[in-house]
Each structure stands twice: as C-alpha cells, then as structure tokens.
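Comments concern the structure below.
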Amino acid sequence: MPGKSARAHWRREREPSSQTLACHKLGKMEHCVVTVVSAVAWLLHWNTLAADFAYDDSRAIKTNQDLLPSTPLSSLFRDDFWGTPLTHSGSHKSYRPLCVLSFRMNYWLGGLDPWGYHVVNVLLHVLVTGLFTHFAAGIFMHHVLPTMVAGLLFAVHPIHTEAVSGLVGRADVGACLFFLLALQAYIQYCKWRDKEPEYCGRRWITLYGALVFATAAMLTKEHGITVLGVCALYDMMIQHRLTPKDIPALLTEKRYQGLREGLLHLMGAAIVLVGFRVHLMGRKPPDFAPADNPAADSDSFVTRMLTFLYLPAFNFWLLLCPMWLSFDWSMEAVPLVCSIFDPRNLLSLCFYGGLIYIFLYVHKHLSRKGALSESAFSLVSTHACLCQTVNQSPKLTFYSSHSGSTQRYKKCVPILNNNNNNNSHVSPQSNCNGHRVSNGNCHIQQSLCQPSVYSIASECTECSIANSYRLEAVIHSLALLVLPFIPATNLFFYVGFVVAERVLYIPSMGFCLLIALGLEQLYRHQESVRRRRTLLYFLVLLLILFSIRTLRRNQDWHTEESLYRSGIPINPPKAYGNLANILSAQGKKTKAEWAYKKALSYRSNMADVHYNLGILLQEQGRHEEALQSYKLAIQFRPRLAMAHLNMGLVLGILGRKEEAVEVYRRCAQLDSAGLKDPKMHESTKISALFNLGRLYADEGRYQEAIDVYQEAMNKMPDHYQPQSLYNMLGEAFFKLGKFIDAEQWYKEALRVKPNHVPAHLTYAKLLSKLNRPVEAEQWFLKAKTIAPNDSSVYQHYGQFLSESERHNEAAETYLRAAQLAPEEYEIVFNTANTLRQAGRNAEAENYYYLAVKLRPKFCWGVQDVTSHMNLGAMLHVNGKLQEAEFSYLEALRLKPDDPITQNNLQKLRNLLAQKGLRTTTQHRR
C-alpha cells in the first residue's frame with residue numbers, strides 16, 4: 001500500500017543505518033551554521049573598531065615597556081602582564097606572555113593606534129565563536145537546533161563585551177581559542193586511541209598537540225590550564241563512563257590502559273606547568289589592596305565563607321541576566337554577605353542546589369552505563385524488542401522525541417523468539433567497548449528481520465542514542481562551566497577582584513551548551529506546532545534582546561568617559577574618580593572637581609582620588625588646597641611616591657624651601673616592596689632627587705645640586721630615562737663655569753636621546769657662550785626641525801638672535817613663540833622687549849598690554865611690577881603721556897620704593913609740565 005510504504009520509508013530515514021547520509025547532509029549545513037554564527041559575532045562587535053583605549057588598556061599597552069622594540073623579547077617571559085618583573089613583591093603575578101606578544105605585534109604594525117588592537121580582538125572572538133559552534137555541533141550530534149542556539153547565544157551574549165571591547169580581554173579570548181583547540185585535539189586522540197592499531201601513530205600527534213595547546217592557553221591567561229581537567233573529565237566520564245566505584249579498577253585492569261595513558265600525560269603536563277608557573281612568580285602569592293577583594297580582607301570567617309559562596313551564584317546570575325554590567329566590581333559594588341539571614345543566601349542555595357541536582361543526574365545515568373551502551377546495537381540474535389509502558393516496571397526508561405503523549409516513555413525488553421528458523425542476527429564490532437554509542441563504531445547487521453521488530457528496535461536505539469548524547473552534553477556543559485571558573489573562586493588562593501566579566505568568557509561556553517540542551521528538550525516535549533513556534537519566538541526574542549544589550553554595551557566601551565559614566569550605578573566611587581580624571585584632561589576643571597569630591601563622598605579613603613584632586617587644584621594655582629589633598633593622599637597611602645613628589649613641588653612654589661627639601665628626601669627613601677607599579681615608584685624617587693637638585697640650583701647652590709644629581713644617577717633603575725637628569729647636570733656645571741664638564745653631559749643627554757629638545761637648546765646656549773655661534777645656530781635649527789610647534793624652541797632661538805644683534809629676526813622668532821603660547825607671560829613679555837629693540841614700538845606696546853593682562857598684580861604670590869613699568873616706558877616713548885603716567889603709578893602702587901619707576905615718572909611729569917598738560921594728581925585736585 002502506498003501509505004504503508006511511505007511510513008516504512010520514513011522509518012528507514014530515522015534508522016541507524018541511514019545516519020551516515022543524515023550526518024552528511026547536516027555536515028554541509030554545519031558549515032553554513034558556523035558561517036552564519038561567526039558573521040553575527042562579527043556584525044555585533046563591528047562597532048568596537050572605532051573605540052579608544054579604555055581603563056586597564058592604558059597600563060597594559062600604552063605604558064607597558066614590554067611592547068617597545070627596544071625591550072628584549074626575553075623580558076616578556078620574565079615580566080607580568082603589566083610589565084613588572086614577576087619576582088618583584090609588587091607584581092600582580094598575572095603571567096600572560098603570549099597575550100603581551102600579540103600586543104607587541106600590534107605595536108610593531110600600527111604603534112598606539114587602537115583600531116588595529118580592536119580588529120585583532122574582534123577577529124579572535126569571531127574565530128572562537130566559529131570553533132565553539134563546530135564543537136557544539138559535535139556534542140549535539142549535528143542537530144541543527146541546539147547547535148544554532150549554543151552558537152548564537154555565545155555570539156550575542158553581552159557578558160563577552162568586556163573581553164572583546166576591552167583590549168586586556170584579549171587574554172581571555174585568546175586563552176579560549178587555545179582551550180578549544182586543546183579539547184578538540186584530546187577528543188580526537190581518544191577516538192584514535194580506542195580504534196584499530198593503524199591509528200596508534202596518529203594518536204600521539206593529537207595527544208601532544210593537545211598538551212601544546214593547553215600550554216599556550218595557560219601562557220595566554222592563567223585559567224587556560226583548566227583545559228587539562230576538562231580533558232580528563234571527558235576521558236573518564238564520556239569516553240569511558242567511569243563512576244566512583246570504578247576508580248580502583250582504573251589502576252589495575254587492562255581495559256583502562258588507554259585511559260591511564262591519557263590521564264598520566266594530563267597529570268604530568270599539569271604538574272610541569274604549575275611548577276613552572278610557581279617557579280616564575282617566586283613562590284609567593286600576589287598582594288592585593290583590601291578594596292580589590294574586600295571579602296578576602298575580612299576578619300570574619302562567616303563573612304568570607306558566605307560571600308565567597310555567593311559570588312559564583314552572582315556570576316551565574318550575570319550569565320542568565322546580563323542587565324547590570326560594570327567595568328569594575330571592586331569596593332562595595334557587591335556588598336559583603338555578613339549574616340546567614342541575608343536574603344542573597346537564597347540565591348546561593350538555589351545555585352548550589354541546582355549544581356548538586358545535575359551532579360546526581362550525571363552520577364545516576366553513569367551508573368547505568370551498561371544498559372545505555374548495549375541498547376539496540378547489541379541485541380542477541382534470539383531476542384526482539386517490544387515496547388512497554390513505564391507502568392509495567394521497566395528496567396530501562398527511554399524518551400522518544402517523536403512519540404505522542406501516550407507513547408512518550410517506553411522501555412525495551414528482550415523477549416525470546418520461538419522461531420527456530422530465525423535468520424536475523426546481530427554482529428557487534430570487536431572494537432565496540434561500550435564507551436560511546438554515538439560514535440558509529442558499532443553496527444547492526446540484520447537480515448530477514450520482521451519489519452515490526454526492526455522498527456521497534458530502531459526506535460529504542462534512537463532513544464538510547466538520545467539519552468547518551470544528552471548525558472554527554474550535560475557533562476560537557478558542567479565541565480566547561482565549573483572547571484575554568486574555579487581559579488576565580490578564591491578556593492585555592494585569593495584573587496585581586498570581586499567579579500570580572502571577562503573571566504566568564506570561557507565558562508560561558510558551558511552555560512550556552514546547557515541552555516541549548518534545555519531548550520532542545522523543551523522543544524521536543526511540545527506536542528503541538530503552535531507551542532513549538534511559541535518557544536522559537538521566545539528564543540528569537542531572547543537573542544534580539546541580548547544583541548541589543550551587546551551593541552549598547554559596546555558603545556559604553558567606545559570612550560573612557562562613556563565607560564565610567566555607565567559604571568556609576570554599580571560602583572560610584574570608582575566610576576566618579578575615573579570620570580573626574582577624564583573631565584580634567586578635557587579641561588572641564590569645575591566638573592572634574594565636583595566628580596572627585598563626589599567619589600570621596602562615597603569612599604573618603606581613596607588615596608588616588610585625593611592625589612588627582614591635588615593635581616587639579618595645583619594646576620589652578622590653589623596651592624594650599626592642593627597641599628591638603630596631597631597630605632590626605634599620603635595619610636591613606638604613605639608610600640604614594642607621586643603625592644610626596646607633588647607636595648614637594650607645591651612647597652617649593654610657596655617658598656617653603658626647607659619643607660620641600662625634607663619632603664623630597666623622604667620621597668627618595670620610600671620602599672617599593674609590595675607596590676603594584678614598582679617601576680613608576682622607582683622612577684618617581686629619582687624624580688624627587690631631580691627636583692631637589694633643581695631647587696638647589698634655583699637657589700644658586702650649584703655644587704649641592706651636582707651632588708644630588710650624581711646621587712640620582714647612582715640610584716636610577718635601568719628603565720629610567722636619564723636624558724633630563726644629564727641635561728640638568730650639564731646646566732649646573734655651566735653655571736659654575738665648568739664648560740668642559742657641561743659639554744660632556746649635554747652630549748651624554750643627546751646620546752641617550754638624540755631628539756631631546758632641552759639638551760639641544762642648552763648645548764646651543766653653551767656653544768654661543770663659547771663663541772661658537774655657527775655651531776650654536778645649527779643646534780637651534782635642529783631643535784626647530786624636531787619640535788616645530790614648541791614655543792620654548794623659538795623663545796631660546798629668539799634670545800640667541802637678540803644677543804647676536806639680529807633684532808628683526810629675533811622679533812619674528814619671538815612672535816612665532818607668542819603665537820604658539822599666547823598665555824605664557826615670559827614669552828609675551830620678551831616678545832614685547834624684542835619688538836622694542838627692533839624699533840617696532842606700536843607692536844611692542846600691544847604685547848606689553850598683553851603681558852599686563854597675564855600678570856596684573858602677582859607672580860607666584862609676589863607682586864609683579866615689571867610689566868606695568870615697561871608698559872609705562874613704552875607709552876612714554878610712543879607719546880601717550882597720560883596713559884604712561886597711569887602705568888607708572890600702578891607700578892609704584894605695587895612697589896612704592898622702585899627707583900627706576902620713580903625716576904621715569906619724574907621725567908614724564910617734567911615733560912607734561914613743559915607741554916602744559918595736567919598730571920593725574922592735578923586732575924584729582
């Protein structure tokens with residue numbers, strides 16, 4: 001009959017014998033699925049390519065000396081991720097040389113252009129997404145729905161924005177790439193190891209390839225080493241379906257020889273890698289500030305335990321509902337769980353209860369591995385399959401994804417066939433050890449089987465396969481979700497963060513597999529097309545919402561300002577403090593000051609914020625307030641060297657020289673042990689000595705200045721750039737008239753840094769002093785070539801031209817300097833003087849007016865009369881006598897006993913009397 005024939009054909013399409021054709025068709029579709037998912041990942045993160053460096057990117061890239069071509073490549077393997085030697089007590093101990101090497105390649109190709117760095121990050125994410133989708137297809141036996149769900153969910157998940165948009169997240173993305181390659185290679189090793197002998201040679205390639213990829217994963221980011229544990233779980237629980245009771249047999253029985261081989265290699269690699277890692281970091285764990293991980297700093301065991309139990313549950317909630325994301329979760333962003341009555345403990349209970357349930361599910365089904373592995377593939381020749389309902393006390397229960405509600409739960413019961421002429425038989429392959437049903441290693445060879453018996457056996461076989469791959473998918477999901485996250489749980493050692501979204505990049509693979517598996521089961525359980533469509537609509541809606549959240553979150557990472565503004569609702573003190581830095585750099589001083597004070601209103605002990613506020617106040621000339629901010633910064637962090645240095649600078653400006661000397665000396669003796677950035681700390685200590693020497697030089701104590709400069713030279717670290725120190729040492733010798741020594745140190749500064757502009761200028765001035773004007777002018781011109789928009793170059797060159805009686809050239813040069821720095825009083829004032837010397841009195845008068853506006857009364861707290869006196873003299877010369885008198889009087893008001901002004905005023909009044917003009921005093925009468 002046509003209908004019966006059609007049903008038979010439909011059943012044959014679902015039978016194991018047709019799996020090859022089905023897989024081939026799905027294999028072609030798999031390439032399309034991988035391409036589509038990868039394209040979605042690329043499109044969603046396309047808007048990150050125009051982003052700038054943000055947050056930790058500056059320290060990892062812009063100020064990391066290991067990226068510079070001048071730094072030996074060997075330093076990458078001795079320093080941590082931030083460029084600090086691993087053995088230093090202040091090192092973060094984050095060892096990621098392959099990631100730093102990729103940054104160095106970016107720097108070599110495009111310098112500090114962020115576009116190239118973002119392109120690499122997005123391409124890596126696209127590659128990982130495609131590889132993960134291919135991996136998911138293998139787990140789900142090339143079923144389209146769960147594969148698409150897992151791949152698309154991974155591609156659009158907003159939790160990945162920090163890892164992709166933030167450049168330091170490249171460590172997580174790169175580690176994930178090597179993680180997947182290692183796992184895929186080990187799975188292939190297991191397949192070849194348990195096949196025929198001709199595959200033995202190939203298996204070693206895949207095994208050692210897996211170990212190499214695992215090493216690369218660890219060298220990209222530390223938790224990449226957990227792939228070794230995932231491989232071990234795969235071999236034991238999926239490839240061999242071990243249960244705890246099988247462990248004793250693992251050590252002795254021959255059937256586990258291949259498993260022992262794999263586990264020994266994995267264990268050996270883990271021991272070597274961990275030992276290597278511990279050796280590199282000096283066998284001392286890193287030290288973190290209490291604000292980085294408040295729970296670790298808590299004195300209460302209950303608080304530490306409850307908080308550390310809550311944090312994994314909170315991270316899982318971020319995977320489920322990534323609505324609230326932040327660039328930083330330190331400080332009080334996640335309040336400590338201090339009591340068992342805290343309602344957040346319910347979330348912890350639900351999370352761990354769910355994990356325990358899944359563990360029990362896995363253990364239960366692994367215990368039934370014998371029945372699962374036999375199924376319909378290993379039926380004896382004298383038995384057939386009949387399906388009975390679960391009410392008939394079945395030995396095994398299977399779920400058929402295509403059966404109706406009355407036929408959903410069935411069991412396969414072997415029944416004796418009384419037909420002695422039965423020609424059907426089963427011939428299992430010799431290499432079928434019951435490890436995996438779905439590998440296609442076992443085949444049913446059946447002849448002349450009754451159609452009804454064959455069909456029932458086929459359905460039972462499909463049920464068994466479905467149960468098997470679901471169990472494998474659960475194990476994979478759990479392994480990928482839990483194991484890579486263990487290093488971040490504070491279980492073995494404290495970490496320097498509370499929550500870090502980029503750390504969830506690898507565990508999110510397990511989450512995506514788990515969601516895909518659950519959705520597939522929900523889909524199969526729906527009996528009507530309408531319900532299935534509703535479920536698919538819900539899935540599409542979820543993916544759209546996640547995509548929109550990802551796009552919007554990528555926009556937050558475009559600039560540091562938008563990133564910090566987005567973090568205000570979650571971590572206000574950190575967000576306001578960093579936002580203030582950006583506003584200050586933009587020149588929005590009032591808003592920046594408000595943001596600094598807002599940050600301190602949330603957390604008053606933030607030394608960095610006090611220090612940055614001090615810089616802002618110092619730039620505005622509010623030196624007393626700046627001094628107070630620096631004192632508070634030092635109070636909360638006594639070894640903050642930059643605060644000591646700037647405090648010394650402010651004291652020097654205020655004329656409190658002795659206090660400044662004391663502060664500089666104290667700064668130069670600060671200990672760097674345990675500090676996060678020891679290189680900056682050591683450089684600041686040398687800068688303190690440098691500024692101490694300048695203070696002595698400004699007071700005419702040149703020999704003391706030389707002694708301090710030489711002390712700085714003896715103490716400076718290798719990474720310190722000494723050209724300014726050498727140049728100032730030359731200046732001190734120049735002031736003492738030791739021109740040979742001065743020339744030696746000027747040349748040394750130019751040798752260390754050939755384009756050091758101040759050394760060009762000071763050396764040129766020395767040559768001019770030594771009556772070598774041609775050479776001097778050559779060095780001035782070289783400085784102009786190096787820095788064509790540097791006002792100080794034109795200022796010093798103009799002075800040289802003026803001293804050489806080339807007044808018109810000097811005037812033009814000074815005018816260029818004034819154009820470049822119209823707010824610089826010294827340049828504007830000297831421009832006026834030079835114009836006067838060149839006879840360009842009208843222009844000189846205008847620039848004297850500008851000088852008066854720049855310094856109407858005070859210069860660094862001291863009354864300044866020079867600009868008023870020179871303006872009066874210029875007006876006097878230009879015939880503007882009454883205006884000149886007003887300027888003279890203003891100068892005398894500021895400095896009544898100035899003899900030059902008094903003399904000029906007397907001459908002016910005599911002239912006024914000769915011309916019959918009334919003086920200002922007469923006008924007042």
Side-chain angles (χ1 to χ4, degrees), residues 30-46 48 121-140 142-166 169-170 172-184 217 221 223-224 226-227 230 315-316 318-322 325 473-474 476-485 501-520 539-551 553-554:
E30 180 186 334
H31 293 89
C32 297
V33 169
V34 170
T35 302
V36 168
V37 171
S38 300
V40 169
W42 172 261
L43 291 174
L44 278 180
H45 292 279
W46 173 268
T48 67
N121 267 35
V122 174
L123 288 177
L124 282 174
H125 177 60
V126 170
L127 187 59
V128 169
T129 302
L131 192 59
F132 170 70
T133 306
H134 171 71
F135 176 69
I139 291 176
F140 294 120
H142 304 277
H143 290 177
V144 177
L145 178 62
T147 302
M148 283 288 289
V149 171
L152 286 174
L153 188 58
F154 187 85
V156 306
H157 205 298
I159 205 70
H160 297 154
T161 53
E162 181 178 6
V164 181
S165 301
R170 184 182 298 182
D172 298 87
V173 182
C176 188
L177 174 64
F178 291 122
F179 189 105
L180 283 171
L181 291 173
L183 184 56
Q184 291 274 49
K221 191 164 185 181
H223 65 287
T226 57
V227 70
V230 175
N315 278 273
F316 187 75
L318 287 180
L319 289 171
L320 277 174
C321 183
L325 301 175
V474 170
H476 271 297
S477 302
L478 213 58
L480 291 172
L481 181 65
V482 175
L483 286 183
F485 187 73
E501 294 160 20
R502 58 180 177 265
V503 171
L504 295 174
Y505 191 86
I506 295 179
S508 68
M509 293 192 296
F511 171 81
C512 293
L513 292 176
L514 205 58
I515 295 298
L517 178 63
L519 191 135
E520 184 208 25
L539 171 63
V540 171
L541 177 62
L542 177 66
L543 294 175
I544 291 175
L545 290 176
F546 271 27
S547 299
I548 294 173
R549 182 71 178 110
T550 296
L551 288 170
R553 186 59 180 161
N554 285 340

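Sequence positions, counted from 1, serve as the residue numbers for this chain.
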Backbone N/O of Thr550 and side chain of Thr161: donor-acceptor pair under 3.5 Å: no

Are the side chain of Ser508 and the backbone N or O of Tyr505 linked by a donor-acceptor pair below 3.5 Å? yes

Leu325 and Pro158 have their tightest heavy-atom pair at CD1-O, 3.7 Å

When you compare the side chain of Val126 with that of His45, does any pair of heavy atoms fall below 4.5 Å? no

Working to the nearest 0.5 angstrom, can you tell me the gap between Leu177 CG and Asp172 CG? 12.5 Å

OG1 on Thr129 to CG on Leu153, rounded to 0.5 Å: 11.0 Å

Ring pair (Phe, Tyr, Trp, His ring centres under 6.0 Å) with Phe316: which residues, sequence neighbours excluded? Phe351, Phe511

With rounding to the nearest 0.5 angstrom, report the NE2 to OG1 distance, His125 to Thr48. 9.5 Å

Kindly give the heavy-atom pair with the smallest separation between Met148 and Val33, and that separation in Å. SD-CG1, 3.2 Å

Please determine whether side-chain contact (heavy atoms from CB on, under 4.5 Å) holds for the pair Phe140 and Leu145, giving the CA-CA distance in whole Å, both sets of side-chain angles, and the decisive distance to 0.1 Å. CA-CA 9 Å; Phe140 294 120; Leu145 178 62; over 6 Å; no

With Phe132, which residues qualify under ring pair (Phe, Tyr, Trp, His ring centres under 6.0 Å), at least two apart? Phe154

Donor on one side chain, acceptor on other, Asn554 and Ser165, under 3.5 Å: yes

To the nearest 0.5 Å, what is the distance between CD (Glu520) and OG1 (Thr147)? 8.5 Å

Considering all heavy atoms, the nearest Cys512-Ala150 contact: CB-O, 3.8 Å

Which atom names give the shortest non-hydrogen contact between Gly151 and Val37, and what distance separates them? O-CG1, 3.3 Å

Side-chain heavy atoms of Met509 within contact of Phe179, under 4.5 Å: yes

Drop me the distance from Leu483's CG to Leu478's CG, to the nearest 0.5 angstrom. 8.5 Å

CA sep, side-chain torsions, deciding dist, call: Ile506, Phe485, side-chain contact (heavy atoms from CB on, under 4.5 Å): CA-CA 8 Å; Ile506 295 179; Phe485 187 73; over 6 Å; no

Output for pair (Ile139 CD1, Ser477 OG), nearest 0.5 Å, gives 6.5 Å

Checking His223 now: which residues fulfil ring pair (Phe, Tyr, Trp, His ring centres under 6.0 Å) with it, not counting sequence neighbours? none

Indicate the atoms forming the closest heavy-atom contact of Ser547 with Val156, along with that distance. OG-CG1, 3.4 Å

Counting only N and O atoms by type, is there a donor-acceptor contact under 3.5 Å from the side chain of Glu162 to the main-chain atoms of Glu501? yes

Exercise: identify the closest heavy-atom pair between Val227 and Ala182: CG2-CB, 4.0 Å

Would a distance-only check, ignoring hydrogens and angles, find a side-chain to backbone donor-acceptor pair under 3.5 Å from Arg549 to Pro322? yes

side-chain contact (heavy atoms from CB on, under 4.5 Å) for Leu319 and His157? Distances and angles first, verdict last. CA-CA 8 Å; Leu319 289 171; His157 205 298; 4.3 Å; yes

Can you tell if the side chain of Val173 reaches within under 4.5 Å of the side chain of Asn121, non-hydrogen atoms only? no

Do Arg170 and Leu124 pass the side-chain contact (heavy atoms from CB on, under 4.5 Å) test, and can you show the C-alpha distance, the side-chain angles, and the key distance before you say yes or no? CA-CA 8 Å; Arg170 184 182 298 182; Leu124 282 174; 3.7 Å; yes

Do Leu183 and Leu480 come within less than 4.5 Å of each other through their side chains, counting heavy atoms only? yes

Any donor-acceptor pair under 3.5 Å linking the side chain of His160 with the backbone of Ala155? no

